[in-house]
A.B. asks: 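One structure follows; several queries about it will come next.
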Amino acid sequence: MGCDGGTIPRRDELVKTKKKPEQKDKNSERLYRWRHCSISQTPLKTPVVACELGRMYNKEVVLTRLLDRSSEPGMSHIRGLKDIKELNLTSNPGYRHEGANKGDAYTDHQAAEYICPVTSLEMNGKYPFSFVWTCGCVVSERALKEVKSEVCHKCGQPYQEEDVIPLNPSVDEQDAVKARMISRRAKAKVAKKAKKIEKRAIKEEDDDAPTTSTSKGKKVAKLSDGASSSSDISKSSLRVQGMASAVLRDKDFEKIRSAGFSVASDPKASEVFKSLFDTHKTAQRKQSAHWVTCNPQYF
């Protein structure tokens with residue numbers, strides 16, 4: 001039967017107990033979430049994007065899934081490029097990419113590729129980080145609490161408290177983040193609708209404005225044309241009156257106004273000029289038409 005020779009059996013050797021399930025390493029799980037894409041589980045590579053739920057993705061993977069229109073359960077809330085934001089990350093100058101572990105040197109697995117631009121905390125999951133939806137800058141929660149400001153700490157762009165979204169939120173924070181996403185989208189929808197109504201109203205006003213403006217413009221043009229024509233007429237009449245008065249005041253014109261003046265008796269006029277008038281002798285000898293038939297042919 002065994003158990004001879006003075007051996008003492010242990011309890012686990014005699015009684016079969018239920019084994020505990022294998023537990024995950026929390027540190028490894030945390031590092032994996034902050035270093036890998038939430039959909040493809042591939043290492044994060046720039047450009048990195050994040051959704052309104054705080055999950056991080058590779059932009060290339062998101063674009064391919066959107067183009068393929070694949071029904072990914074982790075992307076059901078992403079309808080297009082407007083639902084993601086490219087992250088403005090600050091690289092860690094002391095980070096070295098991990099290669100093959102040869103065992104001849106110490107490798108720090110807790111080192112992160114990105115840090116906070118204000119506090120220089122490494123973005124490895126130990127410290128909570130958030131990003132601003134308006135500009136995409138990633139800052140630690142400690143920096144947001146200690147240095148309170150209405151503008152971004154990295155780019156200086158103004159933002160509101162609702163625009164701050166935590167990265168990789170915990171299970172307790174996911175419901176609040178989702179509710180904030182729904183409220184943000186509802187506000188954006190209302191603002192878009194109001195903007196469309198405003199544009200439509202402006203367009204209608206612009207459509208009505210040209211008719212009145214053209215009619216007013218025509219009236220103004222007519223008035224201006226009338227004023228210009230009247231001014232031109234007045235100027236020309238004054239000019240004609242001045243010329244007529246000058247002619248009337250001329251000494252040579254006094255002969256013309258006299259009763260006994262005749263062009264035929266004018267010694268200065270030529271014979272060709274005198275022949276144009278009826279008082280010339282050639283005009284007096286001119287034959288007239290037949291008085292019965294009024295025929296211009298002369299018989």
Side-chain angles (χ1 to χ4, degrees), residues 23-65 74-75 77-78 83-149 151-157 159 161 163-174 176-178 180-181:
Q23 295 182 354
K24 297 179 181 178
D25 187 6
K26 293 183 179 180
N27 293 330
S28 300
E29 183 183 3
R30 171 173 47 78
L31 285 173
Y32 189 86
R33 289 179 61 193
W34 285 85
R35 292 182 179 180
H36 293 77
C37 177
S38 298
I39 300 174
S40 61
Q41 308 303 325
T42 56
L44 290 173
K45 296 179 181 179
T46 53
V48 181
V49 296
C51 63
E52 293 178 279
L53 296 180
R55 301 170 186 170
M56 292 189 293
Y57 316 92
N58 285 325
K59 189 174 183 179
E60 185 179 357
V61 175
V62 176
L63 291 176
T64 53
R65 299 296 172 92
M75 284 184 58
H77 61 287
I78 300 176
D83 296 332
I84 58 174
K85 195 71 177 180
E86 187 172 345
L87 298 180
N88 187 7
L89 298 166
T90 305
S91 57
N92 185 6
Y95 176 76
R96 293 182 180 179
H97 292 276
E98 296 180 0
N101 191 2
K102 299 179 181 179
D104 56 347
Y106 171 73
T107 55
D108 187 7
H109 298 286
Q110 300 296 326
E113 188 175 356
Y114 306 105
I115 60 172
C116 173
V118 181
T119 59
S120 298
L121 293 175
E122 294 184 354
M123 201 172 72
N124 54 10
K126 284 186 177 181
Y127 309 99
F129 275 72
S130 301
F131 75 98
V132 184
W133 181 256
T134 55
C135 60
C137 296
V138 180
V139 189
S140 63
E141 289 286 344
R142 184 182 296 181
L144 293 174
K145 290 179 180 179
E146 293 181 358
V147 187
K148 293 184 179 181
S149 176
V151 297
C152 179
H153 298 301
K154 187 173 183 179
C155 64
Q157 185 175 349
Y159 69 93
E161 188 177 356
D163 299 330
V164 180
I165 301 174
L167 286 172
N168 290 328
S170 60
V171 180
D172 300 335
E173 296 176 346
Q174 288 179 1
V177 173
K178 191 173 183 179
R180 195 180 298 175
M181 178 188 72

A.B. asks: How long is the gap from CG on D163 to SG on C152, to the nearest 0.5 Å?
C.D. replies: 11.0 Å

A.B. asks: Drop me the distance from D83's CG to M75's CE, to the nearest 0.5 angstrom.
C.D. replies: 9.5 Å

A.B. asks: If you look at every heavy atom in H153 and V147, which pair is closest and at what distance?
C.D. replies: CE1-O, 2.8 Å

A.B. asks: Using a 6.0 Å cut-off, check whether atom CD of E161 has over 12 heavy atoms from anything other than its own residue.
C.D. replies: no

A.B. asks: Would you list the pairs meeting side chain to side chain donor-acceptor pair (under 3.5 Å) in which at least one residue belongs to residues 123-139, sequence neighbours left out?
C.D. replies: S130-E141

A.B. asks: Does the side chain of V118 reach to within under 4.5 Å of the side chain of E146, using non-hydrogen atoms?
C.D. replies: no

A.B. asks: Do side-chain atoms of H77 reach the backbone of M181 as a donor and acceptor pair under 3.5 angstrom?
C.D. replies: no

A.B. asks: To check you understand the geometry: which heavy-atom pair defines the closest contact between C135 and K85, and what is its length?
C.D. replies: C-CE, 4.1 Å

A.B. asks: Walk me through it: do Q157 and V132 pass the test side chain to side chain contact (heavy atoms under 4.5 Å, CB included)?
C.D. replies: CA-CA 10 Å; Q157 185 175 349; V132 184; over 6 Å; no

A.B. asks: Which heavy atom of L44 sits nearest a heavy atom of W34, and at what distance?
C.D. replies: CD1-O, 3.6 Å

A.B. asks: Quick check: are there more than 12 heavy atoms from other residues, nucleotides or ligands sitting under 6.0 Å from CZ of R30?
C.D. replies: yes

A.B. asks: For residues I115 and F129, report the shortest heavy-atom separation together with the two atoms involved.
C.D. replies: C-CE2, 4.3 Å

A.B. asks: Quick check for you: to the nearest 0.5 Å, what is the distance between N88 atom CG and K154 atom NZ?
C.D. replies: 3.5 Å

A.B. asks: To check you understand the geometry: which heavy-atom pair defines the closest contact between V139 and A143, and what is its length?
C.D. replies: CG1-CB, 3.5 Å

A.B. asks: So, for P169 and P166, which heavy atoms are closest and what is the spacing to 0.1 Å?
C.D. replies: CD-O, 3.8 Å

A.B. asks: Could you go through residues 46-64 and list every donor-acceptor pair under 3.5 Å that involves a side-chain atom there, pairing it with any protein atom two or more places apart or in another chain?
C.D. replies:
from : atom 1 : to   : atom 2 : distance (Å)
E52  : OE1    : R185 : NE     : 2.8
E52  : OE1    : R185 : NH2    : 3.1
E52  : OE2    : R184 : NH1    : 3.1
R55  : NH1    : G74  : O      : 3.4
N58  : OD1    : K45  : N      : 2.8
N58  : ND2    : T42  : OG1    : 3.1
N58  : ND2    : P43  : O      : 3.1
K59  : NZ     : E86  : OE1    : 3.4
T64  : OG1    : E60  : O      : 3.1
T64  : OG1    : V61  : O      : 2.7

